[in-house]
Amino acid sequence: MLNLHKLWLLSCLGVIVVIILYFQAEIAHLEESYRKLEYKLTQNQFNSRQFNPNILQKDDNNDLIVIYNRVPKTGSTSFVGVAYDLCKKNHFKVLHINITANMHVMSLSNQYKFAQNVTKWQEMKPALYHGHMAFLNFERLGTSSKPVFINLIRKPLDRLVSYYYFLRNGDNFRPHLVRKKHGDKMTFDECVEKSQPDCDPNSMWLQIPFFCGHAAQCWKPGNQWALQQAKHNLVNHYLVVGVTEEMLDFISVLESALPRMFKGATEHYLNSNKSHLRQTSSKIDPAQSTIERIQQSTIWKMENELYEFALEHFKFVKRKVLMKEALSVPQTFFYEKIRPK
Ligand SMILES: *[C@@H]1O[C@H](CO)[C@@H](O)[C@H](O)[C@H]1NC(C)=O
Ligand SMILES: *[C@@H]1O[C@H](CO)[C@@H](O)[C@H](O)[C@H]1NC(C)=O
Ligand SMILES: *[C@@H]1O[C@H](CO)[C@@H](O)[C@H](O)[C@H]1NC(C)=O
């Protein structure tokens, strides 16, 4: 009898112990959940305060619009070829802007339409637009966002000679297309000797107006204001302007600044045999006397001033980006001392 009573008490005790243990475990579990939740909450607060440039860049860059207002005969076809090769893998669009009769200046209504269209066309973003058009200042055109401008610039005489032979002999890109001056066997030297219009130094007036833009003064050969404006736009409105002679570095700088679009571009350019895609056929280097004669012209001097200006600026940009300076670790930036907490 006594034993049975004891047994009953013992089992009651056992049940109570089990119940207590169960609740203790439950409480511990809840406490743990609570701690996890609290941790997540503070993490979230921290993240929203801490401006994470990587996350932001990813989101922002899906709206990226790059405009490459390419100057004829500066190696632009090679560069654009890289973009066309990468666009599928890097998920962006490349569009050629075909302006009637290759006019470099757009009418006012087309400027406005183009600016609105490019900035509002969501289905195309991110996108690289390229075409032979003068710089267009989007600030003037009341768009809500502004595209990023890039360009390449070439030594003015090299560009002129290349263009001269291109009109006569075409290139290896579209060898069967008959060019404007096809069949004309006159060399550049002879042309300069005879002071023909095709090698007139005035026809070197092209890179200045391309960077200067859509103002009337830009297109007056020898205009000093146009040169100053071109320099101003080059440093203030272009993300980067490379030189044809250093195409690989231009591509590397772009890859590091705009990886959203140009990731893998350097390697692609190095490994693809299309890197010299377009070469003017049967180009003859001009004689020293021809070079000297051209270099005496005001137009060459001014165009060359812009080229030298661009080159110095590009070298400066390149040093910082490609880390050829003493620094052994890549440059980064971050935010700190963010207040109020
Ligand atoms: C631009 O369009 C015109 C008319 O369709 C065409 O003849 C021309 O070849 C195009 N230009 C380029 C560079 O593709
Ligand atoms: C931009 O222009 C293209 C071609 O004219 C057109 O198909 C497209 O709908 C336009 N996009 C916007 C947003 O206006
Ligand atoms: C050039 O590229 C083509 C196609 O990608 C390839 O078949 C060919 O072997 C390459 N040539 C050289 C010299 O790399």
Side-chain angles (χ1 to χ4, degrees), residues 59-88 91-154 159-160 162-183 198 203 206-207 209-211 214 219 244 247 260-261 274-281 283:
D59 293 345
D60 261 359
N61 276 5
N62 285 330
D63 276 338
L64 180 67
I65 302 164
V66 178
I67 297 185
Y68 170 35
N69 64 318
R70 50 196 283 193
V71 184
K73 306 316 291 172
T74 54
S76 59
T77 306
S78 309
F79 172 67
V80 164
V82 173
Y84 275 109
D85 288 345
L86 288 175
C87 64
K88 202 163 176 196
H91 305 285
F92 66 97
K93 302 271 198 303
V94 185
L95 301 91
H96 176 234
I97 316 158
N98 186 331
I99 307 168
T100 316
N102 258 338
M103 276 189 276
H104 305 320
V105 172
M106 279 189 187
S107 69
L108 189 58
S109 65
N110 275 339
Q111 290 174 38
Y112 187 79
K113 270 187 218 153
F114 172 71
Q116 296 295 327
N117 184 264
V118 162
T119 49
K120 288 188 178 143
W121 204 358
Q122 296 300 336
E123 300 84 63
M124 287 297 142
K125 292 177 187 175
L128 171 75
Y129 290 83
H130 63 97
H132 293 310
M133 59 179 266
F135 169 72
L136 191 58
N137 192 348
F138 277 61
E139 264 161 30
R140 258 181 57 229
L141 298 159
T143 54
S144 50
S145 60
K146 267 177 70 182
V148 164
F149 272 85
I150 58 170
N151 217 332
L152 273 167
I153 188 166
R154 185 176 185 183
R159 203 199 66 75
L160 179 65
S162 176
Y163 187 62
Y164 179 88
Y165 286 107
F166 172 71
L167 287 184
R168 281 152 184 81
N169 308 331
D171 57 23
N172 58 356
F173 183 58
R174 287 189 282 188
H176 303 296
L177 196 65
V178 173
R179 302 287 170 180
K180 234 192 298 194
K181 298 278 172 142
H182 181 76
D198 275 357
S203 49
L206 195 65
Q207 306 197 105
F210 258 70
F211 282 90
H214 276 69
W219 295 86
T244 306
M247 179 81 86
R260 173 68 187 82
M261 212 171 256
K274 284 195 267 176
S275 54
H276 298 288
L277 191 62
R278 195 169 197 176
Q279 266 165 355
T280 300
S281 310
K283 194 169 76 183

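Remember, it's 1-based here, ligands and their atoms both numbered in the order they're listed. Start at 1 with the first residue, then count along the sequence.
Here the side chains of Asn62 and Arg260 are in contact, with some heavy-atom distance below 4.5 Å.
Here the closest heavy-atom approach between residue Phe92 and residue Ala83 is recorded as CZ-O, 3.7 Å. Across every non-hydrogen atom of Val66 and Met261, the tightest pair is CG2-SD, 3.8 Å.
Protein residues having at least one heavy atom under 4.0 Å from any atom of ligand 2 are Asn117, Lys120, Trp121, listed by chain and number.
Aromatic pair His130/Tyr84: ring centres closer than 6.0 Å.
Atoms CD1 and OH, from Ile97 and Tyr68 in turn, are 11.5 Å apart once rounded to the nearest 0.5 Å. Between atom OH of residue Tyr112 and atom OG of residue Ser109 there is a gap of 11.5 Å, rounded to the nearest 0.5 Å.
Considering both main-chain and side-chain atoms, Asn98 comes within under 3.5 Å of ligand 1 through a nitrogen or oxygen pair.
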